[in-house]
Colleague: 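This is the structure I have questions about; it appears just below.
Convention: sequence-line order gives letters A, B, ...; per-chain numbering from 1. Note that the structure is a prediction, hence the values are computed from the model and not measured.
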Protein chains: 2
Amino acid sequence: MDRRQRKTREAIFSAFSTLMKNQRYESITVQDIIDKADIGRSTFYSHFETKDTLLKAMCSDIFEHIIEGSVCDYPEKSVTLEARLTHILWHFENKKSDIRAILSSQSHDIFLGYLRDYLYTLFEMHLDDFHTKVPQSFLIHHLIGTFCEAVNWWIKESPAASPEQIATYYMSVIETH
Amino acid sequence: MDRRQRKTREAIFSAFSTLMKNQRYESITVQDIIDKADIGRSTFYSHFETKDTLLKAMCSDIFEHIIEGSVCDYPEKSVTLEARLTHILWHFENKKSDIRAILSSQSHDIFLGYLRDYLYTLFEMHLDDFHTKVPQSFLIHHLIGTFCEAVNWWIKESPAASPEQIATYYMSVIETH
DNA sequence: TAATAAACGAACACGATGTTCGGTAACATA
DNA sequence: TATGTTACCGAACATCGTGTTCGTTTATTA
C-alpha cells in the first residue's frame, strides 16, 4: 500500500519515542505528538485510536522482531536457557533507545506485561532445570520477575554492559543448588 | 482537631479502596470517589490536591505502621533478614484488602516505589549475608525485585498462604551457596 | 449562645480527547 | 498524461474530567 502511510507511522513512532525520553508518558498529550511529528490531528487518529494503542503498537513492534528471530535462529529445544536469554537481550541492545524510553516512562507496565507473556512460555520449556521446594507457579513468577528486574537494572544502572554480561549475572543469581 | 475531618478522610479512603477493587485506578474519576464517599466536591479537594495525592497518602498510611512497628519491635541489628521480612509480611496481612486493591490497580508502581525505598535500607544491613560475583547494585536490585515479586504472587495467586510461608519461599529462592 | 471551622454544591474556566468534514496533495493505473 | 483513489490536512466542534471559587449551611468548641 501507500508509502505515505509507513512514513507517517514512522514519524509518529519517532516523535513519541523522542518525547518519552524527556517526559513521563502520562504527561505527553496527543497534541505534543502531532506537533513533534508534524502531522494533522485527524491523521494521528486514523493511525491509532488512542495514545495507549500507540504504546502497545510500539511494544508489539519490538517483540515481533524478537519472536521472529527466536523461531528462525533457535528452533530446537536443546538450546540452553542462557543462550535464549542472551538472544533476547541482543535484540534489546539493538532497540535500546526505544526500550529505554518505554522503561523509564511511568507506564513500563505495558512493556513488561508483553515481556512477561513472552517469557512465560519460554521458561515453561526450561522448568526441569530447576529443583526447589517452592510451588511451580511461585518459581515461574520468580524467574520472570528477576529477568525483568535485570533488564531494568541494565537499562537504568549499567547501560554499557553487554547482553552476555547481563545474562551471566542473571544466571548466577537464579542458580539454586 | 475536628472529628469531622477524620471521618471525611476515612470516608474518602474507604470509597477509594472500594472503587479500586472493581476498576483500574486510571479509570476512577474524582467524581466517582465523591459520589461513593457521599461528600462535596470542594471537600475532596480540601483534603487532597489530586487523585495521585490520595493514592500516595494511602501508601504512606500503610508504610507508617510498618516502619513504626519495625523500630519498636526489632531495634537490634542482630535480627535475621527472614525475621524482618516476616514482620513486614505480617503487616501486609493486616492491611491485605487495601494492598490488594492497590496492587491490582494499574498503578501499583507507586506502592512498589515506597516498598522499594523501604527495603533498600533494610537490605543494605544484610548485604554481608550474600556472597556472589555480581555487582552489589545488581544484587540489591535483585533482592528487592524478588521480594516485590513474592508479595505480588502472594496477593494475586495464593492469598491464603501465611506470611511465614511466603518468607520461606522467598529465602529459599534467593539463597546462593 | 456566639465564634470558629468544616462541609456543601452549583457554577465556572480550562485543557485534553476524539470526531467530523470539506479541501488538498500524493500515488497507482491505463 | 489523464483519471480515480487514497491518505493527509486542519479548523471547528461536542464531550468530559479537572480543579477553583464562593456564598450558604451545618457541626464543634469555648
Side-chain angles (χ1 to χ4, degrees), chain A residues 1-61 101-102 104-110, chain B residues 1-61 101-102 104-110:
Chain A
M1 17 230 91
D2 214 310
R3 269 183 51 232
R4 285 174 293 174
Q5 275 183 79
R6 296 191 189 182
K7 205 173 161 186
T8 304
R9 198 184 156 93
E10 261 317 305
I12 293 174
F13 273 1
S14 158
F16 187 50
S17 174
T18 306
L19 287 167
M20 284 238 278
K21 275 160 201 155
N22 302 319
Q23 49 188 308
R24 311 182 333 156
Y25 170 76
E26 283 75 17
S27 74
I28 299 173
T29 68
V30 173
Q31 195 60 51
D32 291 336
I33 302 169
I34 287 166
D35 291 345
K36 196 71 158 187
D38 196 30
I39 57 165
R41 185 166 193 75
S42 55
T43 305
F44 175 88
Y45 282 107
S46 77
H47 279 264
F48 302 101
E49 281 181 18
T50 132
K51 216 176 56 173
D52 280 344
T53 314
L54 169 56
L55 181 57
K56 274 184 198 165
M58 231 171 135
C59 292
S60 302
D61 226 49
I102 296 175
S104 60
S105 83
Q106 197 78 11
S107 59
H108 51 238
D109 313 34
I110 297 175
Chain B
M1 23 230 88
D2 214 311
R3 267 183 50 231
R4 283 176 294 174
Q5 275 183 79
R6 295 190 190 184
K7 204 173 160 187
T8 305
R9 198 184 156 93
E10 261 318 306
I12 294 175
F13 272 1
S14 157
F16 186 50
S17 173
T18 306
L19 286 167
M20 284 240 276
K21 276 159 202 155
N22 302 320
Q23 50 187 309
R24 311 183 333 157
Y25 170 76
E26 284 74 16
S27 75
I28 299 173
T29 68
V30 173
Q31 197 59 52
D32 292 337
I33 302 169
I34 287 167
D35 292 344
K36 196 72 158 185
D38 196 30
I39 58 167
R41 185 165 193 74
S42 55
T43 305
F44 175 87
Y45 282 107
S46 76
H47 279 264
F48 302 100
E49 281 181 18
T50 131
K51 215 175 58 174
D52 280 344
T53 314
L54 169 56
L55 181 57
K56 274 184 198 165
M58 230 172 136
C59 292
S60 301
D61 227 49
I102 296 175
S104 60
S105 84
Q106 195 79 10
S107 59
H108 52 238
D109 313 35
I110 297 177

Colleague: Is any N or O donor-acceptor pair between the side chain of R4(A) and the base of dT6(D) shorter than 3.5 Å?
Modeller: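 Answer yes: a donor N or O sits under 3.5 Å from an acceptor.
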
Colleague: Just how far, in rounded Å, is C1' of dT4(C) from CZ of R3(B)?
Modeller: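 These atoms are roughly 17 Å apart.
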
Colleague: Supply the atom-to-atom distance F48(A) CZ to K56(A) NZ, rounded to the nearest 0.5 angstrom.
Modeller: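 NZ of K56(A) is found 13.0 Å from CZ of F48(A).
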
Colleague: By nearest atom, which of the nucleotides dC8(C), dT17(C), dA7(C) is closest to the I39(B) side chain?
Modeller: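 Comparing dC8(C), dT17(C), dA7(C) against the side chain of I39(B), the answer is dC8(C).
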
Colleague: Send over the distance from R6(B) CZ to dA27(D) C1', rounded to a whole Å.
Modeller: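 Value for this atom pair: 16 Å.
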
Colleague: State, to 0.1 Å, how close T8(A) and T43(A) come at their nearest heavy-atom pair, and which atoms those are.
Modeller: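 Looking at all heavy atoms of both residues, the shortest contact is CG2-CG2, 3.7 Å.
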
Colleague: Does a side-chain N or O from Q5(B) land closer than 4.0 Å to OP1 or OP2 of dA6(C), or not?
Modeller: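 Yes, because at least one side-chain N or O of Q5(B) sits under 4.0 Å from OP1 or OP2 of dA6(C).
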
Colleague: As a test of reading the structure: which of dA7(C), dA7(D), dT17(C) is closest to the side chain of T43(B), going by heavy atoms?
Modeller: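 Among dA7(C), dA7(D), dT17(C), the one nearest the side chain of T43(B) is dA7(C).
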
Colleague: More than 12 heavy atoms of other residues, nucleotides or ligands under 6.0 Å from NZ of K21(B): is that the case?
Modeller: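 Yes.
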
Colleague: What is the distance, to the nearest angstrom, from the CG atom on D2(B) to the C1' atom on dT28(D)?
Modeller: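 One finds 6 Å between C1' of dT28(D) and CG of D2(B), rounded.
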
Colleague: Give D38(A) one of three labels, base, sugar-phosphate or nothing, depending on what nucleic acid heavy atoms sit under 4.0 Å from its own.
Modeller: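 Sugar-phosphate only.
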
Colleague: What are the two closest heavy atoms between A101(A) and S17(A), and how far apart are they?
Modeller: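 Heavy-atom minimum between the residues: CB-O, 3.9 Å.
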
Colleague: For Q31(B) and dA11(C), give me the distance from atom CD to atom P, rounded to whole Å.
Modeller: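 Between P of dA11(C) and CD of Q31(B): 14 Å.
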
Colleague: Taking the side chain of S46(A) as its heavy atoms from C-beta onward, which of dT18(D), dA6(C), dC8(D) lies nearest to it?
Modeller: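 Nearest to the side chain of S46(A) among the choices is dC8(D).
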
Colleague: Find out whether the Lys NZ or Arg CZ of K36(B) is both under 6.0 angstrom from the six-membered ring centre of F16(B) and within 45° of the ring's axis.
Modeller: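 Relative to the ring axis of F16(B), which defines the angle, K36(B) lies outside at least one limit.
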
Colleague: If you check every side-chain atom of S42(A), which of dG10(D), dC27(C), dT17(C) has the closest atom?
Modeller: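 Closest nucleotide among those given: dG10(D).
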
Colleague: Are side-chain N/O atoms of S27(B) and Q23(B) paired as donor and acceptor at under 3.5 Å?
Modeller: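 Q23(B) and S27(B) do have a side-chain donor-acceptor pair below 3.5 Å.
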
Colleague: Would you say dC8(D) has OP1 or OP2 under 4.0 Å from some side-chain N or O of H47(A)?
Modeller: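 Indeed, a polar side-chain atom of H47(A) lies that close.
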
Colleague: Test side-chain contact (heavy atoms from CB on, under 4.5 Å) on L55(A) and M20(A) and set out the steps.
Modeller: CA-CA 11 Å; L55(A) 181 57; M20(A) 284 238 278; 4.0 Å; yes

Colleague: So what is the end-to-end bend of the helix from dT1(C)-dA30(D) to dA30(C)-dT1(D), with 5 pairs used at each end and the value given to 10 degrees?
Modeller: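 That helix gives 30° between its end axes.
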
Colleague: Restricting to non-hydrogen atoms, name the atom on E26(A) and the atom on K51(A) that form the minimum distance, rounded to 0.1 Å.
Modeller: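 E26(A) and K51(A) have their closest heavy atoms at O-NZ, 3.6 Å.
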
Colleague: Please state how far atom NZ in K7(A) lies from atom P in dC27(C), giving the value in whole angstrom units.
Modeller: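 Whole-Å distance recorded here is 8 Å.
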
Colleague: Specify the separation, in whole Å, of atom CD1 of I28(A) and atom P of dG15(C).
Modeller: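 The distance from CD1 of I28(A) to P of dG15(C) comes to 19 Å, rounded to the nearest Å.
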
Colleague: Output the single nucleotide from dC8(C), dT18(D), dA12(D) whose closest atom is nearest the side chain of R41(B).
Modeller: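 The answer is dT18(D).
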
Colleague: Measure from the side chain of Y45(A), starting at C-beta and using heavy atoms only, and say which of dG18(C), dG10(D), dA11(C) lies closest.
Modeller: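 Selected nucleotide: dG18(C).
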
Colleague: Please report, rounded to the nearest Å, how far the P atom of dT20(C) is from the CZ atom of F44(A).
Modeller: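 Going from CZ in F44(A) over to P in dT20(C) covers 17 Å.
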
Colleague: What is the distance from CD1 of I12(A) to P of dA7(D), rounded to the nearest Å?
Modeller: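 Value for this atom pair: 14 Å.
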
